[in-house]
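Residue numbers run from 1 in the order of the sequence given.
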Amino acid sequence: MKMSVRGLVRIVAPAAFAFAAACSSDAGTSVTTPPPAPSGGWLTLQLVTPRTDDGAAQFAVRGPAIDSVKLIGYDGFATIQSGTANLIVTGAVTGGSVAQIYVPDLSLAGEYQASIAAAAARQTYVMQSLTGYRAVLVR
């Protein structure tokens, strides 16, 4: 049986096309890029106070994960347990930045919350009313 070139092309061409399509890297698959790795960084804890005679303030910062805490310009201490940092700062406490909180994923910054639990007068350490006080986290 003799086959013409035209007949051979009619048989081989569809098979070759199907083979090439199956070997192609885009044949029915989509390539997805993995999301970027989390990027850690510092959130700043700021105090808003209506008073000028604060000698101590106690704060709590809650969120998905807290790695470490640095006080800014104050004596005091901080503990971290189960996604909560508890801080106490002492000295001539004024409004503004009081600490930095290192978090492993800054894209989750909106999930962190800060609160002030107590404030005391500078000379007497009498507890202050918390009316007008606020704790704020900023990037």
Chemist: side-chain contact (heavy atoms from CB on, under 4.5 Å) with Pro104: which residues, sequence neighbours excluded?
Modeler: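 Testing Pro104 for side-chain contact (heavy atoms from CB on, under 4.5 Å), a comparison that skips the adjacent residues, returns Ala65, Tyr112.
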Chemist: If hydrophobic clusters are built by linking Ile, Leu, Val, Met, Phe, Trp and Tyr wherever their side-chain heavy atoms come under 4.5 Å apart, do Leu106 and Leu137 end up in the same one?
Modeler: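 Per the 4.5 Å side-chain linkage, Leu106 and Leu137 are co-clustered.
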Chemist: For the residue pair Val93 and Tyr74, what are the closest heavy atoms and their distance?
Modeler: CA-CE2, 3.5 Å
Chemist: Which heavy atom of Ala85 sits nearest a heavy atom of Ile66, and at what distance?
Modeler: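 In terms of heavy atoms, the two residues are closest at N-CD1, 3.7 Å.
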Chemist: Same cluster or not: are Val61 and Ile88 linked, directly or through other Ile, Leu, Val, Met, Phe, Trp or Tyr residues, by side-chain heavy atoms under 4.5 angstrom apart?
Modeler: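 As far as the 4.5 Å side-chain criterion goes, Ile88 and Val61 are not connected within one cluster.
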Chemist: Which salt bridge (charged side-chain N to carboxylate O under 4.0 Å, His left out) pairs, counting each pair once, include a residue from residues 61-78, with sequence neighbours left out?
Modeler: none
Chemist: Quick check: closest heavy atoms across Ala135 and Ser115, and the distance to 0.1 Å?
Modeler: CB-C, 3.7 Å
Chemist: Pairs under 3.5 angstrom only: tabulate donor-acceptor contacts from the side chains of residues 44-55 to other protein residues two or more places apart or in another chain.
Modeler:
| residue | atom | partner | partner atom | Å |
| --- | --- | --- | --- | --- |
| Thr49 | OG1 | Arg51 | N | 3.1 |
| Thr49 | OG1 | Asp54 | OD2 | 2.7 |
| Arg51 | NE | Asp53 | OD1 | 3.2 |
| Arg51 | NE | Gln128 | OE1 | 3.2 |
| Arg51 | NH2 | Gln128 | OE1 | 3.4 |
| Asp53 | OD1 | Gln128 | NE2 | 3.3 |
| Asp54 | OD1 | Gln128 | NE2 | 3.4 |
| Asp54 | OD1 | Tyr133 | OH | 2.5 |
| Asp54 | OD2 | Tyr133 | OH | 3.3 |

Chemist: Using the side-chain contact (heavy atoms from CB on, under 4.5 Å) criterion, which residues pair with Ala92? Sequence neighbours excluded.
Modeler: Arg122
Chemist: Where do Leu130 and Ala117 come nearest, in terms of heavy atoms and distance?
Modeler: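 It is CD1-O, 3.5 Å.
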Chemist: Keeping to residues at least two apart or across chains, list the side chain to side chain donor-acceptor pair (under 3.5 Å) pairs with something in residues 79-92.
Modeler: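 Qualifying pairs: none.
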Chemist: Going by heavy atoms in the side chains, are Val98 and Ile72 under 4.5 Å from each other?
Modeler: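 They are not in side-chain contact.
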Chemist: Could you work out, with side-chain contact (heavy atoms from CB on, under 4.5 Å) as the rule, every residue matching Ser68, not counting sequence neighbours?
Modeler: Trp42, Tyr102
Chemist: With a 4.5 Å heavy-atom cut-off, do Val69 and Gln100 have their side chains touching?
Modeler: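 In short, these two side chains do not touch, never coming nearer than 4.5 Å.
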Chemist: Do you know which two heavy atoms are closest between Ile116 and Ala57, and how far apart they sit?
Modeler: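 Where Ile116 meets Ala57 most closely, the heavy atoms are CD1-CB, 4.2 Å.
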